[in-house]
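This report refers to the structure that appears directly beneath it.
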Amino acid sequence: MLTGFQWFSLASILAVTLGGGWLPLTRPETARRPDGFPLGKPFACGVFLALSLVMMLPSGFHLLSRAYPDALLPWPPVIAATVFLLLLFMEHREEELAAKGYRPGERTSPVIPVIMTVMIAIPSFLLGTALGVSGTIQAVMIFLAIIAHKGTAGFALAVKMVNSSMRRWQVFALFTFFACSTPLGIITGQEARDYLTGHEMLEIKGVILSAASGVFLYMATMHGLRDNPLIVQCRRHAGFVAMAVGFLLTVGVRLVIGEAHRL
């Protein structure tokens, strides 16, 4: 049975996540315009860049090095690069089909926002599980770390979703899945560790975080190709500053998390 603090954490995390996605979800036409949320898109790129290189990839290294201390290859960057190249291939293929008239060219493919959401929802679920089984002091630190990044991630994901060719109900369903990932992890709590050994948990979390690193590195640097915010919006001083703020904010979250993201 959940404690009072766990119920408070669950409700707070859900509210912050929904609040982060509120503007893009309720004003999708604004989000789709090139000048819609002009600082929001480079801000999201900064968040994704830090999530990939400062949070997820180092955590993947830590976990897989514990699971396989004698591995011959550095598997986390290999996994991340493989996912990165796969997404690049998929987007080039989508553009090729759009040019031939097989796909609507004005919206991006829904595949990438779906993959992106799953890649951040699974670690969020595991972090919620860690909160659910942790002692009070550690649980408070994990809670603060989750609160600090769920809102910004929610905004960034919502922008990507509404810019895809998904229907409105699909966008809301996918965002709801993301919003509920951490609360479900809190509720699941101890049960997740009853079914998996410590070694299996290291393997699963290490691979997921490494793959997620590739996803978010791609989203920050290559998604949208010629129209990527790092190329378009960051040409302007305000856009570059917004990107840097998103990056530094997420780096700050990593400092707060400490070892929490490795649990």
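Note that the coordinates shown come from a computational prediction; the quantities given were computed from them, not determined experimentally.
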Problem - Contact summary for Pro24 and Gly20, nearest pair of heavy atoms - result: CD-O, 4.2 Å
Handout entry: Minimum heavy-atom distance Gly154-Phe175, with the two atoms named
Key = O-CE1, 3.2 Å
Practice task
Count the heavy atoms belonging to other residues, nucleotides or ligands that lie under 6.0 Å from CZ of Phe177, then report whether that count exceeds 12.
Solution key: yes
Problem - Interatomic spacing from OG1 in Thr117 to NZ in Lys160 - rounded to 0.5 Å - result: 11.5 Å
Problem - Contact summary for Pro77 and Leu57, nearest pair of heavy atoms - result: N-CD1, 4.1 Å
Handout entry: From Trp7 atom CH2 to Ser12 atom OG, the distance as rounded to the nearest 0.5 Å
Key = 12.5 Å
Problem - Rounded distance (nearest 0.5 Å) linking atom OG1 of Thr176 with atom CG of Leu18 - result: 7.0 Å
Problem - Qualifying side chain to side chain donor-acceptor pair (under 3.5 Å) pairs, either residue in residues 70-79, two or more places apart - result: none
Practice task
Would you give the length of the straight line joining atom CZ of Phe5 to atom CD1 of Ile186, rounded to the nearest 0.5 angstrom?
Solution key: 8.5 Å
Could you pull out all donor-acceptor pairs under 3.5 Å where a side-chain atom in residues 79-90 meets a protein atom, sequence neighbours excluded?
| from | atom 1 | to | atom 2 | distance (Å) |
| --- | --- | --- | --- | --- |
| Thr82 | OG1 | Val78 | O | 2.7 |

Handout entry: Partner set under side chain to side chain donor-acceptor pair (under 3.5 Å) for Thr17, not counting sequence neighbours
Key = none
Exercise for the section: May I ask you to decide if Leu49's main-chain N or O and Ser52's side chain share a donor-acceptor pair within less than 3.5 Å? Expected result: no
Exercise for the section: Would you kindly confirm whether Trp169 and Val162 end up in one hydrophobic cluster when ILVMFWY residues are joined by side chain heavy atoms under 4.5 Å apart? Expected result: no
Practice task
Look at the side-chain heavy atoms of Ile, Leu, Val, Met, Phe, Trp and Tyr, link any pair under 4.5 Å apart, and say whether Trp22 and Met161 land in one connected group.
Solution key: no
Fill in the blank from the handout: Across all chains, not counting sequence neighbours, the side-chain contact (heavy atoms from CB on, under 4.5 Å) partners of Leu23 are Arg27, Phe37
Practice task
Check Pro113 against Met166 and note the closest heavy-atom contact, atom names and distance.
Solution key: CB-CE, 4.4 Å
Handout entry: Heavy-atom closest pair, residues Leu64 and Glu203
Key = CD2-O, 4.0 Å
Problem - Tyr68: partners by ring-ring contact (aromatic ring centres under 6.0 Å, His included), with sequence neighbours left out - result: His199
Problem - Atom pair SG/CG of Cys180 and Leu10 - distance to nearest 0.5 Å - result: 8.5 Å
Handout entry: Phe172: ring-ring contact (aromatic ring centres under 6.0 Å, His included) partners, not counting sequence neighbours
Key = none
Problem - For Leu14 against Ala179, the heavy-atom pair lying closest together - result: CD1-O, 3.6 Å
